[in-house]
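Remarks on the structure that follows.
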Number of protein chains: 2
Amino acid sequence: MNLKLLARELNLSFSTVSKALRDSHEISAATKARVLAKAKELNYQVNPLASSFRKQQSKTIAVIIPEVVNDFFGPVINGIESIAQEKGYHVLIYLTHEDMQKEQSITRLLQNGRVDGIMISLSEETSDTAHLEALQQKEIPLVFFDRIAEHIAVPKVITNDYEAALVATSHLIKHGGKRIAFLSISQNLSIVNQRMNGYLAALEKHGIEQDKNLIISCGRNEEDNLNLIRNLLVGKNRPDSIFASVEKLAVATYQVCSELGLRIPRDIKVITFSNSNMVPFLQPSLTTITQPAYEMGREAAAILFKLIEKKRHSFLPEKTIINSILVQRDSTRQLQ
Amino acid sequence: MNLKLLARELNLSFSTVSKALRDSHEISAATKARVLAKAKELNYQVNPLASSFRKQQSKTIAVIIPEVVNDFFGPVINGIESIAQEKGYHVLIYLTHEDMQKEQSITRLLQNGRVDGIMISLSEETSDTAHLEALQQKEIPLVFFDRIAEHIAVPKVITNDYEAALVATSHLIKHGGKRIAFLSISQNLSIVNQRMNGYLAALEKHGIEQDKNLIISCGRNEEDNLNLIRNLLVGKNRPDSIFASVEKLAVATYQVCSELGLRIPRDIKVITFSNSNMVPFLQPSLTTITQPAYEMGREAAAILFKLIEKKRHSFLPEKTIINSILVQRDSTRQLQ
DNA sequence: AAAACCCACTACAACGTTGTAGCAAATAAA
DNA sequence: TTTATTTGCTACAACGTTGTAGTGGGTTTT
């Protein structure tokens, strides 16, 4: 009714008004000016629901992530939002809490035009990917970031987990590490596997034999993880270095070390993937591999918008890799 | 076309199908079952754009916050999302980056039915509140949380900043504090003023005269803040305790202390508002007042949904206060 | 001067759903 | 038996916008 009302006010047909507002070439400059002025005067704004419905595009994207209380996904959202705001898009957030079923039901909600595109970082538990292939089949623009499904052919934005893990492990070796433990987490996660492979490659490269006892599979229960790490560190035969695949395992390591009276880095060196801005203030400050979270968010969003705008035309790179960087701090410092 | 298509398949009118799908009492159980079965078979889902448009409700709420890389707003979103998911609502996220203009332009986007309700935590710089009153005038359900505009009559969910600051300051005094500095931040923020008032009240209560030199107005530039804190701590006449109104100022204090060789808590005690889960691992572990972020998010969302569902009927509490808790750690421990 | 062509605007039919009004047939009340 | 009432369905008009297909009046072309 509102466009109609505005049109009546101007003694114009509402098609004319609609076109004028969208700066159509069919409308004279004079009329456009008149319409714009009146629209401003009456504080007219298009009804986004009607417009979305008519155009079958929502100007909205969905971001599906496992967690938001997280030093990685926070900056990612930041990056995504910054691009979305530039493009005039709206950002829906969905949290899976690492639960595949939730991931599935969320994707089901997004199959029918509610969003113009989807960015997703998979849950730890996602083993079956049918729900993602369903999105792909419906030709909904889709981009994976960080936690990807390797075999699905959509653009992916990741960091160089393999190389970074290789560098991190080499860093530990260079600083005297001989028995280096790897604290793993969920098996389904592409990134953790990449990191583990990087770790193994570094061992091999430096002629260190891999020791199955030094690869610890941690999980989501923090108490269990503490016990696993405690078991690892109590024996005589304990490792001299720990590579935690995620930050929370490094923090758990700190906790266990303090409990057992082990000194970092003298007794044990620690390195981890982390994006926390608190790590410089830990005691000792924690050496980290820091992922370019913000940039990954921006890049993934930029790719998604290209997909949305051109649909099938352009061939986008299947994989975009943005490098992580190692920041040395005291937890891997070699004491003389 | 899709409802129509499904109807043709069933030899029913599309109104009947629509009603059957929405479990209307006008439709017989047998027909409902038949429709539901066919809908499932053909994988029919209502078009949310069409439905939203027709019903003039988007089943979407907006959350406007200053930042997402933040240990407070993270859990808040978590809480909001958990309620929204229960209610079948979708959550749009908008970041103001503490910029009032962005806040204004975001609210302008939300005036026309794109969302059924809005939750907002104001930017540091928000002094003018016309854009918020505009929302109120359009009768868009609105809830403030944490950083509120006192004078606008909408439900507000906050924590007991005043009392918590009073308790925190008393805690410092109890542990021997005589010269207690307060590190403030933006002037516009209701919460910071509340905290400062709590601080001042505690001083008065314990007969400590307030010293203007001990109230430091910090800002958004981190370098400037470090300088301000450095200036505060270099003199002979330095404070024996610091109450940081926000976490980043406490971390800055840690940094300056380490630089100046001041030992915490021996030379200086530190307390702050913070929700970081890293504070136990700082050296020394940092005493904090922890806000019930998740609960605030849930509560604010629950109130918003009541507003949305009943519109004007029910009288909701103007202010909901959820208490923060003080967690003592080593940074305020009294050494004997 | 007739035909062709622009220009600036109007008319109108979608988009897919929902709610209201209507309408037979069956059942209940008078 | 006649008149209400209920049941189970259909018809249809919205919701506000947008894109396509006109439509006259003016200008240019032949």
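Numbers restart at 1 for each chain; the letters A, B, ... are given by sequence-line order, proteins then strands. What you see is a predicted model, and the numbers here were worked out from it, not measured in a lab.
- Across the protein-nucleic acid pair, B:L6 atom CG and C:dT17 atom C1' stand 13 Å apart, rounded to whole Å.
- Regarding B:N2, its CG atom lies at a distance of 17 Å from the P atom of C:dA14, rounded to whole Å.
- At C:dG19, one or more side-chain N or O atoms of B:R22 fall inside 4.0 Å of OP1 or OP2 (strictly under the cut-off).
- For the pair A:K55 NZ and C:dG16 P, the interatomic distance rounds to 16 Å; values are reported in whole Å.
- Under the rule for a ring-ring contact (aromatic ring centres under 6.0 Å, His included), the partners of A:Y89 that lie at least two apart in sequence or sit in another chain are A:F305.
- Distance CG (A:N47) to C1' (D:dG16): 6 Å, rounded to an integer number of Å.
- When the P atom of D:dC15 is taken as reference, atom CG of B:N112 falls 15 Å away, rounded to whole Å.
- The stretch residues 35-44 of chain A touches DNA chain D through A:Y44, each having a heavy atom within less than 4.0 Å of the strand.
- B:Y94 meets the ring-ring contact (aromatic ring centres under 6.0 Å, His included) test with A:H90; sequence neighbours excluded.
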Identify each atom pair where a protein N or O and an N or O of nucleotides 8-12 of chain C are less than 3.5 Å apart, giving names and distance.
residue: C:dC9; atom: OP1; partner: A:T31; partner atom: OG1; Å: 2.5
residue: C:dC9; atom: OP2; partner: A:S28; partner atom: N; Å: 2.9
residue: C:dC9; atom: OP2; partner: A:S28; partner atom: OG; Å: 3.0
residue: C:dC9; atom: OP2; partner: A:T31; partner atom: OG1; Å: 3.0
residue: C:dC9; atom: N4; partner: A:E26; partner atom: OE1; Å: 2.8
residue: C:dT10; atom: OP1; partner: A:S13; partner atom: N; Å: 3.4
residue: C:dT10; atom: OP2; partner: A:S13; partner atom: N; Å: 3.1
residue: C:dT10; atom: OP2; partner: A:S13; partner atom: OG; Å: 3.0
residue: C:dT10; atom: OP2; partner: A:T16; partner atom: OG1; Å: 2.1
residue: C:dA11; atom: N7; partner: A:S15; partner atom: OG; Å: 3.0
residue: C:dA11; atom: N6; partner: A:S15; partner atom: OG; Å: 3.4
residue: C:dC12; atom: N4; partner: A:S15; partner atom: OG; Å: 3.0

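- Shown here are the side-chain hydrogen bond (donor to acceptor under 3.5 Å, both in side chains) partners of A:R108, two or more places apart in sequence or in another chain: there are none.
- A:Q45 has its CD atom 15 Å from the C1' atom of D:dT17, to the nearest Å.
- With sequence neighbours left out, the ring-ring contact (aromatic ring centres under 6.0 Å, His included) criterion links A:F53 to B:F53.
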Distances under 3.5 Å between protein N/O atoms and the N/O atoms of nucleotides 23-26 of chain C, please, pair by pair.
none

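- Every residue was checked against the side-chain hydrogen bond (donor to acceptor under 3.5 Å, both in side chains) condition with A:Q136, not counting sequence neighbours, and none meets it.
- Pairs passing the side-chain hydrogen bond (donor to acceptor under 3.5 Å, both in side chains) check and including a residue from residues 14-25 of chain B, sequence neighbours excluded, read B:S13-B:T16, B:S18-B:R22, B:D23-B:K32.
- B:Q291 is linked by a side-chain hydrogen bond (donor to acceptor under 3.5 Å, both in side chains) to B:N275, counting only residues two or more places apart in sequence or in another chain.
- Atom CG of A:L5 is separated from atom P of D:dT17 by 10 Å (rounded to the nearest Å).
- Stacking of the aromatic ring of A:F53 onto the base of D:dT17 is not found under the criterion of centres within 5.5 Å and planes under 30°.
- Pairs of residues two or more places apart, or lying in two chains, never qualify as ring pair (Phe, Tyr, Trp, His ring centres under 6.0 Å) while including a residue from residues 67-88 of chain B.
- Going from atom CG of B:D23 over to atom P of D:dG8 covers 13 Å, rounded to whole Å.
- A donor-acceptor contact closer than 3.5 angstrom links the side chains of B:E81 and B:Q85.
- Applying the ring pair (Phe, Tyr, Trp, His ring centres under 6.0 Å) definition to pairs two or more places apart or across chains, none involves residues 133-154 of chain B.
- Residue-environment remark: CD (B:Q101) stays at or below the threshold of 12 foreign heavy atoms within 6.0 Å.
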